[in-house]
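Here is the structure we will look at.
The analysis underlying the following values was restricted to heavy atoms, covering all of them including side chains, and did not include hydrogens, waters or symmetry mates.
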Amino acid sequence: MNVLIVEDEKRTAELLKEMIEQNDDFLVVGIMEAVTEAVAYLSKHQQQLDLLFFDIQLADGHSFEIFHHIDVVIPVIFCTAYDEFTMQAIKNNGIDYILKPFKEAEIQNALEKYRKLIKALGQRNSTPVPVFQPPVPVFQQNFLTQIRDKTIVVNIRDIAAFYFESGLVHLFTFAGSKYPLFKKLEYIESACDPDRFFRINRQMLINRDALLSMEPYFHRKIVLQLKIDLPEKPIVSRLKVSSFKEWLEKRV
């Protein structure tokens with residue numbers, strides 16, 4: 001039976017692989033470290049997989065976000081250091097929930113639970129899965145924001161910039177709207193197509209289509225003129241000026 005592990009701690013992932021493959025009927029066919037990797041792989045190979053092991057908190061977000069991008073129909077065993085996500089795990093194909101640091105007996109018990117499940121369902125073993133190849137990145141197409149009790153969906157094409165201020169990231173649309181996002185700027189940067197968005201400094205991530213012009217600024221920095229107004233001047237930090245200019249000239 002083919003198993004996929006989604007775990008951003010390399011040593012933990014390798015240990016989990018060893019424990020799983022002590023069983024001759026289980027084979028770990030891939031180890032992913034991020035939500036985007038897992039989505040890309042599952043979109044191509046889900047039909048050839050039998051079981052998933054998910055850590056919950058990954059480098060680019062919660063593994064629950066995978067279910068927002070693809071319809072996962074495979075049983076999932078969640079291994080995590082946090083115990084507050086039990087109900088979410090149950091709602092997202094979870095057949096077991098193991099707290100880190102996990103013990104080998106817990107992994108073996110979870111595998112046995114899976115065996116009993118597929119026996120009851122009368123499923124047969126799947127065909128061999130291809131050896132893992134680095135997936136083509138899948139970037140986020142929409143961001144959700146909350147205004148009081150209303151959830152607003154903003155398409156990535158409509159976003160001119162992301163800006164961090166007062167401990168919170170806001171997105172600014174080309175239409176002039178401003179919305180709060182309850183995510184870190186690092187996650188947003190990883191979720192956006194790097195051909196489309198560039199992080200010009202610690203506070204700002206801009207869409208190339210928002211740029212009108214640029215001019216020299218103090219200490220070898222450059223200041224940008226955008227199609228929208230931001231709370232502060234959009235200044236490209238000195239160390240990023242060269243890579244920013246290369247990015248602008250890149251064909252997309």
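Between F244 and F198, the ring-plane angle classifies as perpendicular under the 30° and 60° cut-offs. Classified by interplanar angle (parallel below 30°, tilted 30° to 60°, perpendicular above 60°), the ring pair F78/F54 is perpendicular. Under the 30°/60° scheme for interplanar angles, the aromatic rings of H62 and F64 are found to stand perpendicular.
Under the side chain to side chain donor-acceptor pair (under 3.5 Å) criterion, K184 pairs with no residue, sequence neighbours left out. Evaluation of the salt bridge (Lys or Arg N to Asp or Glu O under 4.0 Å) rule for K240 yields no partner, not counting sequence neighbours. By the side chain to side chain donor-acceptor pair (under 3.5 Å) test, N142 pairs with N155, sequence neighbours left out. Every ring pair (Phe, Tyr, Trp, His ring centres under 6.0 Å) that F162 has, sequence neighbours left out, goes to F143, F197. When the salt bridge (Lys or Arg N to Asp or Glu O under 4.0 Å) test is applied to K103, no partner is found at least two apart in sequence or on another chain. Scanning for side chain to side chain donor-acceptor pair (under 3.5 Å) contacts around Q108 gives N23, with sequence neighbours left out. Residues that satisfy the side chain to side chain donor-acceptor pair (under 3.5 Å) test with Q140, not counting sequence neighbours, are Y187. For K221, there are no salt bridge (Lys or Arg N to Asp or Glu O under 4.0 Å) partners at least two apart in sequence or on another chain. Residues satisfying the ring pair (Phe, Tyr, Trp, His ring centres under 6.0 Å) test with F26, not counting sequence neighbours, are none.
Nearest heavy-atom pair across I98 and I107 is CD1-CD1, 3.8 Å. Nearest heavy atoms, I5 versus A13: CD1-O, 3.9 Å. A pairwise comparison of heavy atoms in V3 and F53 identifies CG1-CD1, 3.7 Å as the closest pair. The heavy-atom pair separating C192 from L205 by the smallest distance is SG-CD2, 4.4 Å. What you find for V223 and P216 is that their closest heavy atoms are CG1-O, 4.4 Å. Contact record, P231 with Y163: CG-CE2, 3.4 Å, taken as the closest heavy-atom pair.
Within the structure, every pair that satisfies the salt bridge (charged side-chain N to carboxylate O under 4.0 Å, His left out) test and touches residues 151-167, not counting sequence neighbours, is listed here: E165-K178. Screening residues 69-78 for salt bridge (charged side-chain N to carboxylate O under 4.0 Å, His left out) gives no qualifying pairs among residues at least two apart or on separate chains.
Atom CG in L230 sits 12.0 Å away from atom NE2 in H170 (nearest 0.5 Å). For the atom pair CE of M19 and SG of C79, the computed distance is 9.5 Å after rounding to the nearest 0.5 Å. Distance check: T12 OG1 to D55 CG gives 8.0 Å after rounding to the nearest 0.5 Å. The distance from the CE atom of M204 to the OG atom of S237 is 11.5 Å, given to the nearest 0.5 Å. Note: R238 CZ to F218 CZ = 15.5 Å, rounded to the nearest 0.5 Å. Residue E65 holds its CD atom at 9.0 Å from CG of L58, rounded to the nearest 0.5 Å.
Residue R115 places its CZ atom among more than 12 non-hydrogen atoms of other residues, nucleotides or ligands, all under 6.0 Å distant.
Remark: E21 engages K17 in a salt bridge, criterion side-chain N to carboxylate O under 4.0 Å. The existence of a salt bridge linking E189 and K183 is excluded, since no basic side-chain nitrogen approaches an acidic carboxylate oxygen closer than 4.0 Å. Salt-bridge check for E186 with R202: failed, with every basic side-chain N at 4.0 Å or more from each acidic carboxylate O. R208 has no carboxylate O lying under 4.0 Å from a charged side-chain N of D195, or vice versa, which leaves the two without a salt bridge. Salt-bridge formation is detected for the pair D209/R196: a Lys NZ or Arg NE/NH1/NH2 atom is positioned less than 4.0 Å from an Asp or Glu carboxylate oxygen.
Put simply, the side chain of W247 never gets that close to the backbone of S242: no donor and acceptor are under 3.5 Å apart. Judged by distance alone, with hydrogens and angles left aside, the side-chain atoms of D50 form a donor-acceptor pair with the main-chain N or O of N2 at under 3.5 Å. Within the 3.5 Å criterion, the main-chain N or O of K10 finds no donor-acceptor partner in the side chain of E14.
With no hydrogens or angles considered, a side-chain donor-acceptor pair links S213 and Q225 at under 3.5 Å.
Here L168 sits in one hydrophobic cluster together with F182; the rule is ILVMFWY side chains under 4.5 Å apart, joined directly or through other members.
I20 and I95 end up in the same hydrophobic cluster when Ile, Leu, Val, Met, Phe, Trp and Tyr side chains are linked at under 4.5 Å. Under a hydrophobic clustering in which Ile, Leu, Val, Met, Phe, Trp and Tyr are joined whenever their side-chain heavy atoms come within less than 4.5 Å, directly or via other members, L185 and I200 fall into different clusters.
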